[in-house]
Each structure stands twice: as C-alpha cells, then as structure tokens.
Amino acid sequence: MAYWLLRSEPDVYGWDHLVRDSATEWDGVRNYTARNFLKDMAVGDRALFYHSNTEKAAIGIMEITRAWRPDGEKGDWASVAVKPVEKLPRPVTLAEMKAEPRLAKLEMLRQSRLSVTPLREEEWAVILEMARG
DNA sequence: GCCAACGTTGGC
DNA sequence: GCCAACGTTGGC
C-alpha cells in the first residue's frame, strides 16, 4: 500500500464536498509529474486531503477506489477515483509540517506546487500522530 | 499584492 | 536542443 497527498483549494473542492459526494473522480490534473504519480496509484492506497490556499492544512484521509483512467479528450492525462475515509481529529497545518524534523524530506514541502505527491510510510505515520495531538 | 519556484512556449 | 520570456500556482 502506498501513501499520497492530494491538494485542492477548499473553495473549489474541499473535504466537505467530498463527504457530501461520498466519492469523487480526482481529475483535472495538468502537470506531468503529478500525472505520473496518479498513474502509480493502486486501489486501497491512502491519501491525505490537503486544503491549499486559505487553510493550508491536511484535513482528512481518503482511499483510492479505482486505478487511473484517461482524463480528457486531448493529451495523456489521468484521473483516479477516491472516497473519504475519515476526517483527521484535527487539521495538521503546513507550518506544523515544516517545523517537524521527521517531515524534512516530505515531497510536498520540497515541491510545494505539486498537487499530487507521495508520502513515505513513516511520514504518513508522523502526520497521523500529529493529528491525534 | 508580491514573490519564489516551476512549467511551458517559441524563437533561434 | 537550448534558453529567454512568459504564465501559473501557492505561500506569505
């Protein structure tokens, strides 16, 4: 099982939208690096839902429910299907992640503009631990 | 509103 | 194929 972090602007599509929809197609990604990560995802993988922009915090846990399929008529893009698993006990903010030494190598911190990034298993555990306070 | 960090595009 | 110019994104 692999771990991922998916970023979205909460005003556009946030955690509450996902819960209301009970599942969604994670599409519209138009960056090749992010696209490649989408193609690496497998059913059962876990992903953090990160709110960018206004909130800047990881807010919930999702599960990948279907591997990638082509996204859009033009170009070699991909989308996956996800569903919400649970909201984190409390959000883990970007500032907290930056301040945590064990997250120094976190991909989303190193490549802050990527909307889809992988997490190491240890990093996943650290963030969940932080969320539990 | 600004800036840093990328990614993309187009001219050569 | 390289590189400058430009556009986009996210954080501050």
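Below, chains carry the letters A, B, ... as their sequence lines are ordered, and counting in each starts from 1.
One interatomic measurement links the two molecules: CZ of A:Arg30 to C1' of C:dT9, which rounds to 16 Å at whole-angstrom precision. Taking atom CD of A:Glu55 as the reference point, atom C1' of C:dG11 lies 14 Å away to the nearest angstrom. A:Gln111 has its CD atom 13 Å from the P atom of C:dG10, to the nearest Å. Rounded to a whole Å, the CG atom of A:Leu106 is 16 Å from the C1' atom of C:dG11. As a whole-Å value, the separation of A:Glu96 CD from C:dG11 P is 15 Å. To the nearest angstrom, C1' of C:dG10 lies 14 Å from CG of A:Leu5. Between the CD atom of A:Glu9 and the C1' atom of C:dG10 there is a distance of 8 Å, rounded to whole Å.
Direction change of the helix axis from one end of the helix from B:dG1-C:dC12 to B:dC12-C:dG1 to the other is 10°, with five pairs defining each end axis (rounded to 10°).
Regarding contacts with the backbone of C:dG10, every side-chain N or O of A:Lys98 stays at 4.0 angstrom or more from both OP1 and OP2.
The existence of a salt bridge linking A:Arg120 and A:Glu123 is confirmed by a sub-4.0 Å separation between a basic side-chain nitrogen and an acidic carboxylate oxygen. A salt bridge links A:Glu96 to A:Arg90: at least one charged side-chain nitrogen sits closer than 4.0 Å to a carboxylate oxygen.
Using a 4.0 Å heavy-atom criterion, one finds that A:Leu94 contacts the sugar-phosphate atoms exclusively.
The distance from atom NZ of A:Lys83 to atom OG of A:Ser22, rounded to the nearest 0.5 Å, is 9.5 Å.
Classified by interplanar angle (parallel below 30°, tilted 30° to 60°, perpendicular above 60°), the ring pair A:Phe49/A:Tyr13 is parallel.
In this structure the side chain of A:Tyr3 reaches within 4.5 angstrom of the side chain of A:Glu121, judged on heavy atoms.
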- Task: List the steps and the verdict of salt bridge (charged side-chain N to carboxylate O under 4.0 Å, His left out) for A:Glu100 and A:Arg102.
- Result: CA-CA 6 Å; A:Glu100 170 54 62; A:Arg102 290 174 293 171; 3.0 Å; yes
Each nucleotide of nucleotides 1-8 of chain C classed B (base within 4.0 Å of a protein heavy atom), S (only sugar-phosphate) or -, in 5' to 3' order, makes -------B
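The local environment of NZ in A:Lys105 is sparse, with at most 12 non-hydrogen atoms from other residues, nucleotides or ligands closer than 6.0 Å.
Under the 6.0 Å cut-off for aromatic ring centres, A:Trp77 and A:Tyr32 qualify, their centroids lying closer than that.
Across all their heavy atoms, A:Trp4 and A:Asp40 have their closest contact at CH2-CB, 3.7 Å.
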